Structure formats: C-alpha cells, structure tokens
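Shown next, in structure tokens, is the structure this report addresses.
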Amino acid sequence: MPNPSLPRQNGKQQDPSVRKKNFEEVAQIFTREEALAEADRCLHCNNARCQANCPVGVQIPAFIALVKENKVGEALSKIMETSLLPAICGRVCPQEKHCEGNCVLKEKFGAVNIGMLERYTADTARKEGLLTTPVCAKPTGKKVACIGSGPSSLAAAAELARAGHQVTVFEALHAFGGVLRYGIPSFRLPREVIDAEIETVKAMGVTFKTDVLIGATEKVADLLNQLAAGYSASGAGLPPLLGIPGESAVGVYSANEFLTRVNLMQAYKFPQTDTPIQIGHRVVVLGGGNSAMDAARCAMRLGPEAVTVAYRRSAAEMPARAAEVLHAKEEGVVFDYLVTPKEILQDENGRVSGIKCTRNELGAPDAKGRRRPVEIAGSEFVLPADTVIVAIGQRPNPIIAKTTPELKTTERGVLALDDQGRTTLPGVYAGGDIIRGGATVLLAMKDGLEAAHRINAYLQEGK
Amino acid sequence: MEENTILVKESLNSAVVKFVIYKPLIAKSARAGQFVILRGREGGERVPVTLVDWDANNGTITVIIQAIGKSTCLFNSLKQGEKFLNVAGPLGTPVEIKNYGTVAVVGGGVGIAEVYPIARALKEAGNRVIAVLGARTKELLILEREMTALCDKTVCATDDGSHGLKGMVTDALQALHDGGEKIDAGFVIGPIPMMKFTSRLMEKLGTVSYASLNPIMLDGTGMCGCCRVTVEGKVRFACVEGPMFPARTIDFDELIRRTGEYKPLEKQSLQAFEKDHVCKCGLH
C-alpha cells in the first residue's frame, strides 16, 4: 500500500560553502533507498493531475509504479514513450508549476518528488545499461530539418525520428544543446547529461551538424528544396538592454554573454581554456528571472567578494523558481529588492564603478497581475559594483526572419504563426524561444513535440 | 575532401598567414564584408576573421590571419592538410555594393586583406577604385600586387618611409585630395585609431566613410550581445548589423576601451602558450 504520509525525500545536496567554489552538480542523485521510499508515497491516482499538467505528457504514476518494483529500465522506457529527454527534464523542469504543483498530496503531506524520481530513473537506467533506444517507425523516406539544437529542436527531432523521418539538426555554434549548453550552468545540468541525451537522439538515427547557421550558411528556401519540412527553433537572440546611460561601459555583460562565456566557453577554466572573463570584486545582477539566478550563481563561483541581485519589485513578484532563489541565497548571493537602476557609473577608464539607483514601492498590479514598481521621490543611491550583468529577458533570434523574406513576421519581428504552429512558408513550423522570446526549457520542448506531431500530419497528407 | 581542411598555407610576412580552407557551403553564400568564426582546438576561443576571398566552384574560402594572441598564434601554427576545428559563417551583413562614383578603399596592416574583397566588388559594380594601403614598414605591407592589379590607382604609405609615402594613410588621402581627387565614398579597415582618424579626415574632405568594426565577439551569431558598439548614439550589434557601419558617428573611443577589456588576460594566455609551445616542438 502506498504510504503518502512518509516524509518527502529531498535527496542530498552539495554543502553551500563547498559548492559555491565549484561547478559540480548541486543536487545529488537519489539513492535506491530514497527512490523507493519516495516512489512508495505516490497514490497512483486515476486521472492523475500530475500527468495532466505535464507539458510533455509524462506518464507519471505508471513510471513511478515501475520504479517501486525496481524496474528502472522499464520505468525509463515508460517516460520515454512521450518525453525523450528525461535526464534533462528531471533537472531543469519547474516541477512546482506542473506535476508537483498539482500532486494531490501537496497540501497535506508535500508533493511526491517527481523531478528527483525522473532524474533517478534516467541516470540509473543509463548507468546500468538499461536504457533502450526508442524504436523508430519504418522509414518514410521524408527528410526533415530541425534548426537549432536546443531543447525545442531536440524534442522535435527525436519525435520526428520516431515517426520514421530522416532528421538533420543544424546547430550554429560548435556544440549541441543550445540554451542547455550556453545558458544553463553545469551545476544545474552537467554537460555529460546533455551529451548523453543527445547520444540517444543520435542513436535514433538523427544527424547532427555544427557550424551551420541557417539563414546565413544555408537559406531556409534552399533547405526546403532538399527537404520535405522544417522546424525552426533557433532560440533566443540579441539581449534587450536597459537603455540607461553607461550600458556600454567596460564590465557590463548581458546575461547571455556572461553565461555563454562561463558555460559554453568554460571561461572559469581560463587559462586552460582560451576565453577569458573578468569578475571584479562586486558583481551586481540586474533582473529577477532564472537567467539572473544562473548568472548570479555562476558569478559567485568565480570568487568575487560579493554578488548582489537587484530587482525592481519585491521577492513575491520575482519570476525565478523559488528553489533557485533559495540555492542562490544559500551560496551567499544577496538580494536587494525594489531597486531601479538609472545609470551605470564609470571611472576615468570607462570601467564600471557603480550603479546609480532609486528605491521603489509597490503600486497597482499590471496586466499580468504583478504589482508595479513605483519610484520613491528622492531615494537615489549608488550601488557599488565593478561588474554588472543585465538579465532582463530574452528576444527571439533575428537571423531566420532577417534572411528569409518568404517568412512573415509580427510587428515585433517575431515569425508569424497560425494556431497550428505554422509559419507563412508551407512546411515550416516554429517554436521555442524564437517565438516565445525567453520561456522555460519545458515549454520549448512542448512546442517541439507539438510541432513534430503537426509535421507528421503534414507529411502524411503527402505534400 | 573533409570540410575545414587547409588546402593552402602561405606566409605573407613574419606574422601574417594566408589560408585557403575547404568549406563549400560558406564559399557558396559569402559576400564582401562578411566574416567567419574560427576555432582551432577544443577549449579554444571563437575568433571572428574577415573573408578575404571565396570560390564557389572549388568550395574554398580564403582568410588572412595576423598572429597577435594565443588563438591566432595557434591558428598560424596549423599546417597545410590539417583542419580548423570549427569554421562557421558567413556572418554579418554584407557591405552595400553599388556605384558610388570614385571610392577609396583604405586598409591598414592586415586590414588591407579585409578590404580587398570590398575593393573587388566595388570595382565590379563600376566604381573608380583607389586603394590606400598603410603599414608600419615595407615588410608588413601585404597584397600590394593584388590591389594594384585590381584598382584604378594604388597608393602606399609606411610609417618609416621604407615604401611609398612616409606617413599615415591619412597623409596619403590628404595628398590625393590636394592632387585634385574627389572621392565620393571611403571604406576603411584597420586598427581602431587609424579608422577613427581616417574617417574624421574623410568627413572633412566631403567623403562619406564606412568603417568595419572589430569588437570582441563570442557566439558571433546574434545571440550574446558582446559585440555592441555605439553608432549615432544607438547600440548596434556588429555581428548581425555590421561589421561595417557609417563611420562619422561611430564611438571609436568606446570601441577602444571595450576591445581592451581582456588585454592583460590575453597576454597571460599568450605567454603561457609560448612557453608551452617551445617545450613541445623545440624549434623556438
């Protein structure tokens, strides 16, 4: 019998005082005992709400039942019936918004730790050689391109391969994974996990190419001459800036640049690696989303004296995951709320010397229901800083839209899609951050899966 | 033939090497003013390098690299038959090629190589093309023969007077002006101070000037925002909107500051590499 009232297992974590000095994964994998104890708490609800609220439709009660029987390989196959990137999802999905947030045990006993169970299943099955490469349908002879190799494109590629299509993934950078590799730090998502998941997709017959920037290296129209359909998921683009004086001072990074230096280029290993980074003594991260947390926690690991996150509203409105905020605080990141940056101050050499800010109070809610920050008159102050990281969101990558006149865009320059995820070029679908402009990995994957299903339907119509 | 293979390697002087690389997709789509990102090894930097030439029939691209830091030294130590680890492109917005009338293409140092494809495209578009080539000394002045063959007039200037006019490219431009040349547009590539002073002079002489900027880049594909420059008081991203911008309103001083950001670290990296390099090959 399930035993929901047992304490929720949270697994072990690297001690904050140790982990703030390394890039190793923070959360340790469940032991078998922890996994079995946690699996035992699941009630295996009929019409499970967790499953209904999973963006990629993981069969949660069924896989947990298999974990409970110690059938880890079968449990993983069950997850992979709908989601082909389980070791990634188990780590970076905001479960508190989806499955765990809807677990019936949540209020009374605490939700089942579905994220950690998924991760345990994926890692253990892979380690013990129990991962079965998903079976692909009979080859259809249709060729499909997936543009970008981030979570959205990977999800689409794997699903299209499963349907029997011949899929090629085109990546502009020198390594695969998109935001998983350049954005998300290794202490949340180890590089070997990304590599392993991509190996599985390769084993399904998908071809991967680096150094191909679709739109520049090859035009979308040229691709379509060779292929039957395409999924455009080229991700985030040029970062929005604050538009305040001093933003081009030396020592001001966008979150994209800072995270790319650290994560993709591994600047934290300089001079063993060749890409440098300057961390300075006092780092201020402007913003309150997950990228801001990632940047702050990466910055902390580079050893400055202090890292401060300055956010213009209060803790309650901050969009970052609660767990990330907690981890950042444990690692010594200081949060300064209700702060609006007005000007980045520079020394005589054009280097950042501080940020002129004002204090805010909370006003009426905005369209999204978040209370607006309202400046308090006469509250100017200077936040000491010699490195500033601007983490105030993402914009869609401009290259595809810019180089493909056949594709219509919205007034914001984003590819125009109909309600079926179709662009204005027949056979070309789009999703992920190139459309959303900065969402979660899971929503990007969901877009990829949906696009794959639609591309299947489109190709079956024999076009 | 494998992509990224070096088909021809030729030293142009002690620090500058020309590479012809097999890369058919880039050779097919390259245009004047665009660049590629090169990487030489695992853990290596992504280095933006201007495309000097390309041949769609043979599937080759040509780049000319001056060894300055660790990465460029590493590139220039690659041998014929070896491969670059990564070659991505063509990146950036091509230069607008049209008939401007009389144009000056101004190259300083290795910038001569970078301005060469622009000179060729402008010539093909019917412009009267004057090349103004500058270097510290004769040995460092590259591609004079090619430029002379291509352009209607070629003027050289060296700091030490070892070849051509003694002085800077600005002196050469002033001399052309004083000699009655009316230049409608100028395309300038070289060290940042040279571009700054050349475009200032052109402004004074009534020449519309364009400069190709070399900010630090990381991904080079329109994602990270590292390459931002200020033009007309606005933030512009050189990797997708450039690298060529109207020069009159470029904030060159900011560019000098931003490109200098990692100089001490780059020096440290180069010194470590040179030490290591001696140990390995024993040739130095």
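Predicted model only: the values in this text are computed from it and were never measured. Note: hydrogens, waters and symmetry copies are ignored here, and every other heavy atom, side chains too, is used. We name chains A, B, ... by the order of the sequence lines, and we start the count at 1 in each one.
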Query raised in the report: What part of B/Val229 is in contact with chain A, defined as an atom under 4.5 angstrom from a non-hydrogen atom: side chain, backbone, both or neither?
Result: neither
Query raised in the report: With a 4.5 angstrom heavy-atom cut-off, which part of A/Ala175 approaches chain B: side chain, backbone, both or neither?
Result: neither
Report summary line: Residue pairs passing the salt bridge (Lys or Arg N to Asp or Glu O under 4.0 Å) test with at least one member in residues 235-246 of chain A, sequence neighbours excluded, are none
Query raised in the report: Between A/Leu259, A/Leu264, A/Val252, which residue shows the highest count of heavy-atom pairs closer than 4.5 Å to chain B?
Result: A/Val252
Query - B/Leu91 portion near chain A, given a 4.5 angstrom heavy-atom threshold - result: side chain
**Report entry** Heavy-atom pair count under 4.5 Å with chain A, highest-scoring of B/Cys239, B/Gly225, B/Cys226
**Finding:** B/Cys226
Requested in this report: Measure A/Leu213 against the heavy atoms of chain B and call it side chain, backbone, both or neither at under 4.5 Å.
Outcome: side chain
Query raised in the report: Who wins among A/Pro276, A/Pro271, A/Ala216 for the most heavy-atom pairs under 4.5 Å with chain B?
Result: A/Pro276
Report task. Go through the atoms of A/Ala172 and report whether side chain, backbone, both or neither lie under 4.5 Å from a heavy atom of chain B. Result -> both
**Report entry** Where B/Phe237 and A/Leu241 come nearest, the two heavy atoms and their spacing
**Finding:** CZ-CD1, 4.4 Å
Report the donor-acceptor contacts between chain A and chain B below 3.5 Å as a table, one pair per row.
residue	atom	partner	partner atom	Å
A/His174	ND1	B/Arg46	NH1	2.9
A/Asp211	OD1	B/Asn86	ND2	3.4
A/Asp211	OD2	B/Asn86	ND2	2.9
A/Thr217	O	B/Ser29	OG	3.4
A/Thr217	OG1	B/Gly89	O	2.7
A/Leu238	N	B/Gly222	O	3.0
A/Glu247	O	B/Arg228	NH2	2.9
A/Ser248	O	B/Arg258	NH1	3.2
A/Ala249	O	B/Arg258	NH1	3.4
A/Val252	O	B/Arg228	NH2	3.0
A/Tyr253	OH	B/Tyr262	OH	2.7
A/Ser254	OG	B/Cys224	O	2.6
A/Asn256	ND2	B/Met223	O	2.9
A/Arg261	NE	B/Tyr262	OH	3.4
A/Gln272	O	B/Arg41	NH2	2.7
A/Asp274	N	B/Gly43	O	2.9
A/Asp274	OD1	B/Arg41	NH2	2.9
A/Asp274	OD1	B/Lys70	NZ	2.7
A/Asp274	OD2	B/Arg41	NE	3.1
A/Gln278	NE2	B/Glu261	O	2.7
A/Lys402	NZ	B/Thr93	OG1	3.2
A/Lys402	NZ	B/Val240	O	2.9

Requested in this report: Pick one of side chain, backbone, both or neither for B/Leu218, based on which atoms fall under 4.5 Å of a heavy atom in chain A.
Outcome: side chain
Report summary line: Max heavy-atom pairs within cutoff under 4.5 Å with chain A, candidates B/Gly44, B/Pro264, B/Ala30, B/Gly222, goes to B/Gly222
Query raised in the report: With a 4.5 angstrom heavy-atom cut-off, which part of A/Pro239 approaches chain B: side chain, backbone, both or neither?
Result: both
Query raised in the report: At a heavy-atom separation under 4.5 Å, does B/Ile216 approach chain A through its side chain, its backbone, both, or neither?
Result: side chain
**Report entry** Part of A/Leu238 lying under 4.5 Å from any heavy atom of chain B
**Finding:** both
